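Report on the structure given below.
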Amino acid sequence: MTIIKAQKGTKDILPADMPVWHFMEEKANEVFSKYGAKEIRTPIFEATELFARGVGDTTYIVNKEMYTFEKSERSLTLRPENTAGVVRSFIENGMHRLSMPVKLWYKGPMFRYERPQAGRQRQFHQVGVEVFGIKQPAADAEVILMAVNYLKALGLNDLSVELNSLGCPKCRDNFKNSLKQVLKPYLGELCEDCQTRYEKNPLRLLDCKVPECQEIFAKPEVRNVIFSDFICEECAEHFNALKSYLDELKITYSVNKLLVRGLDYYNRTVFEIKSNNLGSQNAVCGGGRYDSLVKNLGGEDIPAIGFAMGMERLASLIGKIEETKTTAFVVSNNSAEAIKLSEELRNNGISCEFDFSNKKFVKQIEKASKTAKYAIILGEDELKTGKITIKNLETSEQKTISKDLLLSELK
RNA sequence: GCGCCUGUCGUCAAGCGGUUAAGACCUCGGAUUGUGGUUCCGAUAUGCAUGGGUUCGAAUCCCAUCAGGCGCCCCA
């Protein structure tokens with residue numbers, strides 16, 4: 001019999017990992033609620049077309065990394081990210097008629113067919129926020145604030161915020177054109193990837209790491225274009241306003257002109273939060289503004305901005321959190337009495353286990369000391385006298401009391 | 001999709017061509033038939049990811065496959 005194993009790039013989240021995951025989930029609810037965000041859960045699979053139109057059919061994710069399958073002549077895809085799904089739901093449920101802003105947060109598994117490595121799995125989890133309906137830069141600031149404060153609530157401080165503005169479609173086109181123009185003479189020298197990027201998505205040229213391409217980008221005339229303030233007056237105003245909000249809020253950030261992000265829907269503000277303790281997959285958070293996505297997916301013309309964080313990456317930064325012990329463990333050789341007493345305690349809100357196999361008391365207490373705070377000893381002596389012995393397993397204090405007093409002892 | 005490295009019990013590992021496949025933790029049992037976290041004993045791999053090969057002889061060398069790690073790519 002061959003043993004069936006978890007599929008490549010997937011992982012069990014085991015009981016020992018749960019305290020960290022519960023911590024991340026509880027903090028998400030706690031922090032995002034403070035900003036008025038409500039949780040939303042959208043389906044794990046959607047129409048393939050949603051991602052092609054939403055995320056963008058020239059993106060790496062949509063082209064190479066989607067889990068797509070056919071069912072009843074429909075093409076379905078396991079979601080590689082959740083923004084498209086949330087936007088779909090926003091439109092479908094008529095949320096544009098709610099009073100703006102509509103703030104939604106989510107958590108859940110995402111799927112991308114990639115080569116796994118540290119901090120990168122095929123099934124992974126994201127927690128994220130989407131804010132709809134506000135075009136003013138204060139919304140950008142608030143969204144970044146939500147991300148930063150969530151990370152703070154998790155106790156993560158050694159992080160840096162990077163910021164950029166991609167401009168609006170208009171000024172971005174100008175930038176793309178001047179970029180293409182200045183690179184034209186060097187086209188033959190660029191790497192293969194960059195040659196396709198040149199045609200399909202010139203912005204992505206900026207994050208190429210091939211040394212030869214970097215050399216070309218370092219040439220003064222190319223550099224001048226890359227680092228030029230290409231964005232139009234309105235976009236620049238938006239970006240400046242955002243920066244001054246962040247300055248006033250004492251959020252430290254750095255502007256990274258090369259920050260582009262791989263999803264097509266972004267415009268104006270994009271940002272990333274990175275950790276220095278993660279190896280090469282070091283981005284814990286990525287996000288930005290996507291003012292035309294709602295409209296492009298058939299909804300009203302509603303601006304939006306959001307971010308997503310990789311929960312596995314967060315978990316590895318948080319480290320280990322101890323499992324909580326159950327409160328009581330009933331030590332007894334009388335299963336009938338033990339199960340009755342245990343259930344009574346549980347009905348009063350006290351977590352409790354008991355020994356099923358009538359092992360020796362030594363063994364039972366040993367087990368109790370590993371999993372519980374109190375041993376409740378219900379042996380022959382106690383059964384005869386109608387009393388109960390309670391032992392605090394941390395302090396070794398022990399007393400025999402009448403059964404009615406047990407609950408107040410445990411509270 | 002590409003490159004480099006790794007694969008011995010549930011876990012961490014020693015072993016580097018001839019060993020009875022160390023050791024530690026966990027688990028289970030006993031010392032201790034009603035008192036734990038210390039101690040002491042004992043049990044637990046005919047097996048070294050899988051399949052081929054080389055050799056008198058392979059966990060040890062070679063090849064393939066699978067899985068994992070890291071980097072590129074990409075991204076959370």
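Letters A, B, ... mirror the listed sequences (proteins, then strands); counts begin at 1. Heavy atoms only: backbone and side chains are in, while hydrogens, waters and symmetry mates are out. These numbers come from a predicted model, not from an experiment.
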In the structure shown, which nucleotide is the Watson-Crick or G-U wobble counterpart of [N], with both distances under 3.5 Å?
N: B:A58; result: none
N: B:U35; result: none
N: B:G23; result: B:C12
N: B:U6; result: B:A67

**Prompt:** Got a salt bridge between A:E353 and A:K367, using NZ or NE/NH1/NH2 to carboxylate O under 4.0 Å?
**Reply:**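 Here A:E353 does not pair with A:K367 in a salt bridge, since their nearest N and O are not under 4.0 Å apart.
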Per the glycosidic torsion and the 90° limit around 0, nucleotide B:G71 is anti
Please pick, from [options], the nucleotide with the shortest atom-to-atom distance to any side-chain atom of [X].
X: A:K363; options: B:G29, B:C70, B:G34; result: B:G29
X: A:K391; options: B:G36, B:C74, B:A67; result: B:G36
X: A:P116; options: B:G36, B:C70, B:G69; result: B:G69
X: A:T389; options: B:C4, B:C75, B:U35; result: B:U35
X: A:A118; options: B:C70, B:U35, B:U27; result: B:C70
X: A:S369; options: B:G36, B:C73, B:G30; result: B:G36

* To do: Using the six-membered ring of A:Y113, assess whether NZ or CZ of A:R122 lies under 6.0 Å from its centre and within 45 degrees of the ring axis.
  => yes
When rounded to whole Å, the CD1 to C1' distance for the pair A:I390 and B:G36 reads 16 Å
Q. Do A:Q364 and B:U35 have a side chain to base donor-acceptor pair shorter than 3.5 Å?
A.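 No, the side chain and the base share no sub-3.5 Å donor-acceptor pair.
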(request) Check whether the side chain of A:R120 and the base of B:C73 form a donor-acceptor pair under 3.5 Å. (result) yes
If I pick the C1' atom on B:A49 and the same atom on B:A67, what distance separates them, to the nearest angstrom? 7 Å
